[in-house]
2 protein chains.
Amino acid sequence: MDIRQIEYFLSIVETGSFSAAADEHYISQSSLSKKIIALEKELGVPLFDRSKRKVFLTDAGEVFLEHARKIHLAHKAMIFDVAGSK
Amino acid sequence: MDIRQIEYFLSIVETGSFSAAADEHYISQSSLSKKIIALEKELGVPLFDRSKRKVFLTDAGEVFLEHARKIHLAHKAMIFDVAGSK
DNA sequence: TCAAATTACGGTCGACGTAAGGATC
DNA sequence: GATCCTTACGTCGACCGTAATTTGA
C-alpha cells in the first residue's frame with residue numbers, strides 16, 4: 001500500500017468522483033481507477049459502490065476512511081518533522 | 001512512500017542490519033538497500049549512518065523512527081478493522 | 001445521449017535478483 | 001579474509017496515457 005493511494009482515496013471521498021480526484025492529482029482517470037481497484041484487491045474488500053452516478057462508500061470504505069485520515073495526517077507530520085531535523 | 005518501506009526501515013532498526021532485515025522480508029539485500037536509498041532520497045535526508053559495521057540512525061532517522069512506528073501501528077489497525085468489516 | 005468508470009493496448013519506466021565492487025572489522 | 005552495503009547489469013513486471021467499451025442518469 002502506497003501513501004498516494006490513501007491520498008487518492010481521500011480525494012475521491014471529498015469530491016465524490018474518480019474523475020475530479022484524478023484532475024486534482026494530475027493523473028488520468030484510468031490510472032486512478034486502476035490504483036483504487038488495486039487497493040481494494042489488496043484489502044480484499046470493495047471501498048466504493050459505483051452503481052450510482054455519484055460514488056458512495058461501502059461499509060468497509062467507511063472504516064477505511066477513518067484510518068486513512070489518521071495515516072494521512074501522520075504522514076504529513078512525518079514529512080514535516082523529518083525535514084525540520086535536517 | 002510505501003508502507004513496506006516503513007516496515008523495512010523498522011526491521012533494520014530492530015536488527016541493526018540491512019541483510020538481516022532483508023532476510024526477514026524475503027527480498028535480496030540489494031533490493032532492500034535500494035528501497036532505503038529511495039526513501040532517503042524522497043525525504044531529502046539520510047536515515048542511517050553506514051560508516052560503521054553496525055548501522056546507526058542519524059538524527060533525521062530518529063525522528064523518522066517515531067513517526068514510522070505510529071504509522072506502522074495505524075496501518076496494522078487499518079488492515080484489521082477493514083478486514084473485520086467485511 | 002452525456003458523463004463517468006472500467007478494460008484493452010502499447011510503450012516506457014521502475015523493481016527485482018545475481019554478481020561484482022568497495023569498505024569495515 | 002569475512003561480512004555487509006552499494007553499484008552494475010539484464011530481465012521482467014508494473015504503471016502510465018490514449019482510446020474503446022460499458023453503464024447509469
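In the text below, chain A, chain B and the rest are named by the order of the sequence lines, each starting its count at 1. Please read all numbers here as calculations on a predicted model, not as lab measurements.
Contact annotation: A/S19 reaches the phosphate of C/dA5 (side-chain N/O to OP1 or OP2, under 4.0 Å).
Separating the CD atom of A/E24 from the P atom of C/dA4 is a distance of 14 Å, rounded to the nearest angstrom. Rounded to an integer number of Å, the gap from A/D2 CG to C/dG14 P is 14 Å. Atom CD1 of B/I12 and atom P of D/dC4 are 14 Å apart (whole Å). In this structure, the CD atom of A/Q29 is 13 Å from the C1' atom of D/dT22, given to the nearest Å. Remark: P of C/dA15 and CD1 of B/I36 are 13 Å apart, rounded to the nearest angstrom. As a whole-Å value, the separation of B/I37 CD1 from C/dC16 P is 13 Å. Atom CZ of A/F48 and atom C1' of C/dT6 are 15 Å apart (whole Å). Between the CG atom of A/D49 and the P atom of C/dA5 there is a distance of 12 Å, rounded to whole Å.
Counting only distance, with no hydrogens or angles, the side chain of B/T58 and the backbone of B/P46 share a donor-acceptor pair below 3.5 Å.
Annotation: side chain of A/I3 is in contact with side chain of A/I71 (closest heavy-atom distance under 4.5 Å). The shortest side-chain heavy-atom distance between B/K35 and B/D2 does not fall under the 4.5 Å cut-off. Taking 4.5 Å as the limit, every side-chain heavy atom of B/V13 sits out of range of all side-chain heavy atoms of B/V55.
For DNA chain D, the neighbouring residues in residues 51-59 of chain A, judged by any heavy atom under 4.0 Å, are A/S51, A/K52, A/R53.
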Scan nucleotides 13-16 of chain D against the protein and return all N/O pairs shorter than 3.5 Å with their distances rounded to 0.1 Å.
none

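Ring geometry, A/F64 versus A/F9: the interplanar angle exceeds 60°, so the pair is classed perpendicular (tilted spans 30 to 60°).
The base of C/dT7 sits with one of its N or O atoms less than 3.5 Å from a complementary donor or acceptor on the side chain of A/S30.
Residue whose closest nucleotide on DNA chain D sits further toward the 5' end, between A/R50 and B/G16: B/G16.
B/H25 approaches B/E7 most closely through the heavy-atom pair NE2-O, 3.7 Å.
We find that A/R50 and A/E40 are joined by a salt bridge, their nearest charged nitrogen and carboxylate oxygen being less than 4.0 Å apart.
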Open item on the list: Assess the residue pair A/S17 and A/S19 against the criterion (side chain to side chain donor-acceptor pair (under 3.5 Å)); give the C-alpha distance rounded to whole Å, side-chain angles, the decisive distance to 0.1 Å, and a yes or no.
Closed with: CA-CA 6 Å; A/S17 151; A/S19 48; 3.0 Å; yes

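Applying the 6.0 Å contact sphere to CG of A/D59 captures no more than 12 heavy atoms from other residues, nucleotides or ligands.
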